[in-house]
Peer 1: 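Once you've had a glance at the structure underneath, I'll fire off some questions.
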Amino acid sequence: MGVTKEQLESTLTSNLNPQHLEVTDTSGGCGASFVIDIVSEQFEGKRLLERHRLVNAALVEEMKEIHALSIKKALTPQQWKQQQEESEKSKSAA
């Protein structure tokens with residue numbers, strides 16, 4: 001049996017304490033491919049590569065069974081807030 005979306009959410013929550021976490025199983029349910037959006041204070045002061053390494057390190061056991069992991073967003077809370085505000089502005093301007 002492959003890794004579940006819930007397993008990834010649990011592991012990331014306990015290791016990175018995210019303010020926002022979205023895990024999408026893109027494998028059709030077999031647990032081999034996932035896309036992640038994550039917002040964590042632990043990303044403060046870190047470059048994108050370092051943030052991805054933190055996520056991969058948190059998922060070290062799960063990665064043994066995952067074929068593909070795409071970290072779509074790895075943001076700080078401030079960056080997330082800024083993106084949300086920009087999204088709201090563009091919606092209200094449309």
Peer 1: Is there a donor in the side chain of Glu62 and an acceptor in the side chain of Thr11, or the other way round, less than 3.5 Å apart?
Peer 2: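 Yes, because at least one side-chain N or O of Glu62 sits under 3.5 Å from a partner of the opposite role on Thr11.
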Peer 1: Would you say that Ile71 contacts Phe34 through its side chain, given a criterion of any heavy-atom pair below 4.5 Å between the two side chains?
Peer 2: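 Ile71 does not reach Phe34 side chain to side chain.
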Peer 1: For the residue pair Glu65 and Val3, what are the closest heavy atoms and their distance?
Peer 2: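 Result for this residue pair: CB-CG2, 3.7 Å.
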Peer 1: What about Leu69 and Leu54, same hydrophobic cluster or not, with Ile/Leu/Val/Met/Phe/Trp/Tyr joined at side-chain heavy-atom distances under 4.5 Å?
Peer 2: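 Linked within one cluster.
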Peer 1: Sub-3.5 Å donor-acceptor pair from the side chain of Thr26 to the main-chain atoms of Ser33, do we have one?
Peer 2: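 Checked: pair present.
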Peer 1: Ignoring hydrogens, what is the shortest heavy-atom contact between Ile38 and Pro18? Give both atom names and the distance.
Peer 2: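 Here Ile38 and Pro18 meet closest at CG1-CB, 3.8 Å.
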Peer 1: Could you walk me through whether Ile36 and Glu22 satisfy the side-chain contact (heavy atoms from CB on, under 4.5 Å) test, starting with their C-alpha distance in whole Å, then the side-chain angles of each, then the deciding distance to 0.1 Å, before giving a yes or no?
Peer 2: CA-CA 6 Å; Ile36 294 175; Glu22 188 175 330; over 6 Å; no
Peer 1: Working to the nearest 0.5 angstrom, can you tell me the gap between Gln82 CD and Ser87 OG?
Peer 2: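 So the gap between those two atoms works out to 12.5 Å.
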Peer 1: Quick one: are Gln19 and Trp80 in side-chain contact, heavy atoms under 4.5 Å?
Peer 2: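 No, side chains not in contact.
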Peer 1: Sorted by first residue and then second, give each salt bridge (Lys or Arg N to Asp or Glu O under 4.0 Å) pair with at least one member in residues 7-20; sequence neighbours left out.
Peer 2: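 Every salt bridge (Lys or Arg N to Asp or Glu O under 4.0 Å) pair that includes a residue of residues 7-20, provided the two are not neighbours, is Lys5-Glu9.
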Peer 1: Under 4.5 Å between any side-chain heavy atoms of Pro77 and Val39, yes or no?
Peer 2: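 Answer yes - side chains close enough.
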Peer 1: What's the separation between atom CG in Asp37 and atom OG1 in Thr24, rounded to the nearest 0.5 Å?
Peer 2: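 Rounded to the nearest 0.5 Å, the CG-OG1 separation comes out at 7.0 Å.
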Peer 1: Of all heavy-atom pairs between Leu12 and Ala58, which one has the smallest distance, and what is that distance?
Peer 2: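 For Leu12 and Ala58, the tightest heavy-atom pair comes out as CD2-CB, 4.1 Å.
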Peer 1: Indicate yes or no: at least one non-hydrogen side-chain atom of Gln79 is less than 4.5 angstrom from one of Lys73.
Peer 2: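 Not touching, per the 4.5 Å side-chain cut-off.
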Peer 1: Could you list all the salt bridge (Lys or Arg N to Asp or Glu O under 4.0 Å) pairs where at least one residue sits in residues 43-61, not counting sequence neighbours?
Peer 2: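 Residue pairs with at least one partner in residues 43-61: Glu61-Lys64.
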Peer 1: Shared ILVMFWY cluster between Leu21 and Met63, side chains joined below 4.5 angstrom?
Peer 2: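 Yes, because Leu21 and Met63 connect within a single hydrophobic cluster, where side-chain heavy atoms sit under 4.5 Å apart.
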Peer 1: Are side-chain heavy atoms of Asn15 and Leu59 found at a separation under 4.5 Å?
Peer 2: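 Not in contact.
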